[in-house]
Amino acid sequence: MNILVTGGAGFIGSALCRYLVADPGNRVINLDKLTYAGNPASLRQIEALPNYRFVRGDICDEAAMADVLAAERIDRIMHLAAETHVDRSIDGPSTFIETNIVGTFRLLQAAMKYWRSLPATAAERFRFHHVSTDEVFGDLSLDDNSFREETPYAPSSPYSASKAASDHLVRAWHHTFGLPVVITNCSNNYGPFHFPEKLVPLIILNALEERPLPVYGNGTNIRDWLYVDDHARALDLVATNGVTGESYNIGGGSERSNLAVVQTICDILDQKQPQRSCRSYRDLVAFVDDRPGHDQRYAMDTSKIERELGWKPLESFETGLSQTIDWYLANSWWWRPIRERNYRGERLGRAVAGR
Ligand code: NAD
Ligand code: DAU
C-alpha cells in the first residue's frame, strides 16, 4: 500500500506517519509544505526507514501533486495538510481559504485525473481520505445532543468555515465524479509533538516556565479531547475499512471545560515537577479576553465508528494527559527551539507565551 500523507510534518500527520510505517506492508510518502506548523524534527525517529519518504510540496500546486501521485504510484491519499489554528484564522483568514479550500480543490483535481488513469484493479483500490474536524458542525449548548454524522453543518470561525467548504468539495467530487472518498471529523487532539500555540502544550510549557496560563473568557467553553495516537489508529481503520462516500465521527468521549483542562494540567505538574516556590501551578491561571465568536461546546457521537469499525479510544483523558506531560518534560530538544523563536519576536498566535 503506497500511502500519500499530506501535512505529515504537523501534529496529527506526524503521529499518523509514525503509526503507518510500523506496518512494513505500507510505504508512506509524507508531503508537506513545512509552514510554521510543520516540523521535520517530529519525524526524526522514522526518517531513515526504507518505507518512509519526505517530499516538500504545496497541495495548492496541482501539477506537483499529479507528479507525486504518478511517480509514487499512490494507492491512498490521507489528506491532513491545512491551516489549523482558529486564532490565526481570525487574525488572517486568507491562508485558510488558500490552503484549506483551494488546496483541497487542487488536490482533488490531481487525484481525480490520476484515479481515472489507473488500470481497473488499481482504480478499485484507490481511496481519498479527507481528515476534518468537529468544528464544521458549529457549537452546542450544555443540554444539546452530541454531533452525529448527519448533523447539518454550521461552522462559525474562518477556520471551521474553510474546513466545512473542503468537506463539501470532497463530497461533491464523490457524488459528481465518483471519486472514492471517505471523510472523518474528529474532536480536539492532544499528545506529543503538538505545536505550543494550542491550549494543552501552551499551558504545559508556560507552567514549566512559571508564566501566566491564559484562559479565554471565563473558561467554561467545553471541548472533547482525544489522544493523538487513538486518532491515528482510527484514521487507518476508516481509510482501510470505511464505506466509500461515508463520513465517520471520531472523539474521545472526554468533554472538559477549558478551565478544568488547565487545572488538571496544573495538578499533574504539581505532582511531577513542583514549582520551586512550592505554590500550585493553579496560581498562574490568568483569565484573558475571549476569542471572538468563541464556540461554547463541541461533543461527538462516535457510535457509528464504534459499531461499524470496532474502534474505541485506548487512552482516557487522564492517562493520555499524564503521558503527554511526561513527553514534554523529557523532550525539551523538540519544543525549546520553537519557544525561543517566539521569544525572539515571532508570533505564536493570540495567546503569546507570557501574555
Ligand atoms: P498542524 O497545524 O499541526 O499541521 C498542519 C501541517 O500541514 C503542517 O505540517 C503544515 O506544514 C502543513 N501544510 C500547511 N499548508 C500546507 C500546504 N499548502 N501544502 C502542504 N502542506 C501544508 O495540524 P494538525 O493539528 O496536525 O491537523 C491536521 C489535520 O487534522 C487538519 O486538516 C485539521 O483540520 C484536522 N484536525 C485537527 C484536529 C486537532 O485537534 N489538531 C482535530 C480534528 C481535525
Ligand atoms: O475541535 C477540533 C479542533 O481543535 C481542530 O479542528 C483545530 O485544528 C484545533 O486547533 C482545535 O481547535 P480549538 O480552537 O478547540 O483549539 P485551541 O487549542 O486553540 O483551543 C482549545 C480551547 O481552549 C478553545 O476553547 C480556546 C481555549 N484557549 C485556547 C488557547 C490557545 C484558551 O482558553 N487559552 C489559550 O491560550
Side-chain angles (χ1 to χ4, degrees), residues 5-16 30-40 42-43 55-61 64-65 78-90 95-96 98-100 102-104 106-107 130-137 139 157 159-160 162-163 166-167 184-191 193-203 206 212-226 228 231 235 250-251 256-259 261-262 285-291 294-300 348-353 355:
V5 175
T6 72
F11 167 48
I12 300 169
S14 64
L16 179 64
N30 170 9
L31 180 135
D32 198 292
K33 185 179 176 181
L34 297 183
T35 67
Y36 81 95
N39 190 346
S42 306
L43 298 147
V55 178
R56 190 164 189 179
D58 185 342
I59 56 163
C60 296
D61 183 345
M65 294 307 99
M78 300 182 80
H79 175 37
L80 291 88
E83 289 293 332
T84 64
H85 192 41
V86 174
D87 292 330
R88 286 181 190 255
S89 83
I90 296 167
T95 53
F96 287 74
E98 267 308 309
T99 293
N100 300 359
V102 179
T104 299
R106 302 240 189 267
L107 187 62
H130 178 61
V131 177
S132 190
T133 170
D134 58 358
E135 301 199 14
V136 297
F137 298 116
D139 75 336
S157 71
Y159 163 70
S160 56
S162 70
K163 289 296 291 186
S166 66
D167 293 13
T184 48
N185 296 87
C186 187
S187 61
N188 282 64
N189 284 214
Y190 66 97
F193 300 102
H194 201 181
F195 192 84
E197 65 184 351
K198 307 281 169 68
L199 180 70
V200 167
L202 181 81
I203 296 299
N206 274 19
L213 310 180
V215 174
Y216 295 171
N218 56 15
T220 57
N221 303 68
I222 292 172
R223 298 291 182 265
D224 168 56
W225 294 93
L226 178 70
V228 67
H231 190 189
L235 293 177
I250 305 171
R256 300 285 187 283
S257 73
N258 293 337
L259 185 58
V261 169
V262 171
V285 169
F287 292 95
V288 300
D289 290 349
D290 208 352
R291 171 185 282 175
H294 198 174
D295 283 338
Q296 183 55 42
R297 173 177 168 240
Y298 307 134
M300 290 301 246
L348 198 63
R350 271 163 61 84
V352 290
R355 171 177 167 162

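For ligands, and for the atoms within them, numbers begin at 1 and follow the listed sequence. Just so it is clear, the model here is predicted, and its values are computed rather than measured. Residues: numbered from 1 along the sequence shown.
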min-distance protein heavy atom vs atom 4 (O) of ligand 1 -> Gly10 CA, 3.3 Å
Using heavy atoms and a threshold below 4.0 Å, how should the contact between Lys163 and ligand 1 be classified: side chain, backbone, both, or neither? side chain
Of the backbone atoms (N, CA, C, O) and the side-chain heavy atoms from C-beta on, which set of Glu135 has a member under 4.0 Å from an atom of ligand 2: side chain, backbone, both, or neither? side chain
Quick one: which of Arg256, Gln296, Lys198, His294 has a heavy atom closest to atom 24 (C) of ligand 2? His294
Report the member of Val131, Leu235, Val228 with the shortest heavy-atom distance to atom 35 (C) of ligand 1. Val131
Please work out, at 4.0 Å between heavy atoms, whether the side chain, the backbone, both, or neither of Asn188 comes within that distance of ligand 2. both
Report yes if some N/O of His194 lies less than 3.5 Å from some N/O of ligand 1; otherwise report no. no
So is Leu31 polar-close to ligand 1, meaning N/O to N/O under 3.5 Å? no
Atoms of ligand 2, numbered as shown, that sit under 4.0 Å from any heavy atom of Val215: 33 (O)
Distance-only N or O hit between ligand 1 and Thr133, under 3.5 Å: no
Ion pair Arg297/Asp139, N-O distance below 4.0 Å: no
Within 45° cone and under 6.0 Å: Arg223 NZ/CZ vs Tyr190 ring: no
Backbone or side chain, does any N or O of Ala81 fall under 3.5 Å from an N or O of ligand 1? no
Check whether any N or O atom of Asn188, backbone or side chain, sits under 3.5 Å from an N or O atom of ligand 1, and answer yes or no. no
Write out the residue and atom name of the closest protein heavy atom to atom 9 (O) of ligand 1, then the distance separating them to 0.1 Å. Asp32 OD2, 2.6 Å
N or O contact, Asn39 vs ligand 1, cut-off under 3.5 Å: no
Counting each atom of ligand 2 from 1 as listed, which ones have a heavy atom of Glu197 under 4.0 Å away? 31 (C)
Inspect the contact between Arg291 and Asp87 and indicate whether a charged nitrogen and a carboxylate oxygen are less than 4.0 angstrom apart. yes
Check Tyr159 against ligand 1 and report side chain, backbone, both or neither, counting heavy atoms closer than 4.0 Å. side chain
Is the Phe195-Tyr36 ring centre distance short of 6.0 angstrom? yes
Looking only at distances, can you tell me whether any N or O atom of Pro214, backbone or side chain, sits closer than 3.5 Å to an N or O atom of ligand 2? yes
One residue to check: Thr35. Relative to ligand 1, which of side chain, backbone, both or neither has a non-hydrogen atom less than 4.0 Å away? both
Heavy-atom distances under 4.0 Å decide this one: backbone, side chain, both or neither, for Val261 against ligand 2? neither
For atom 20 (O) of ligand 2, which candidate among Arg291, Glu83, Lys163 provides the closest heavy atom? Arg291
Which segment of Val86 sits under 4.0 Å of ligand 2 when only heavy atoms are counted: side chain
Nearest heavy atom to atom 40 (O) of ligand 1: which of Asp58, Asn189, Leu80 does it belong to? Asn189
Based purely on interatomic distance, does Glu83 place a nitrogen or oxygen under 3.5 Å from a nitrogen or oxygen of ligand 1? no
Residue selection (non-hydrogen contact nearest atom 7 (O) of ligand 1) among Gly251, Ala82, Gly103: Ala82
Proximity to ligand 2 by part of Asp134, non-hydrogen separation under 4.0 Å: side chain
Only one of Asp167, Thr133, Ile250 passes side chain to side chain contact (heavy atoms under 4.5 Å, CB included) with Asn185; say which it is. Asp167
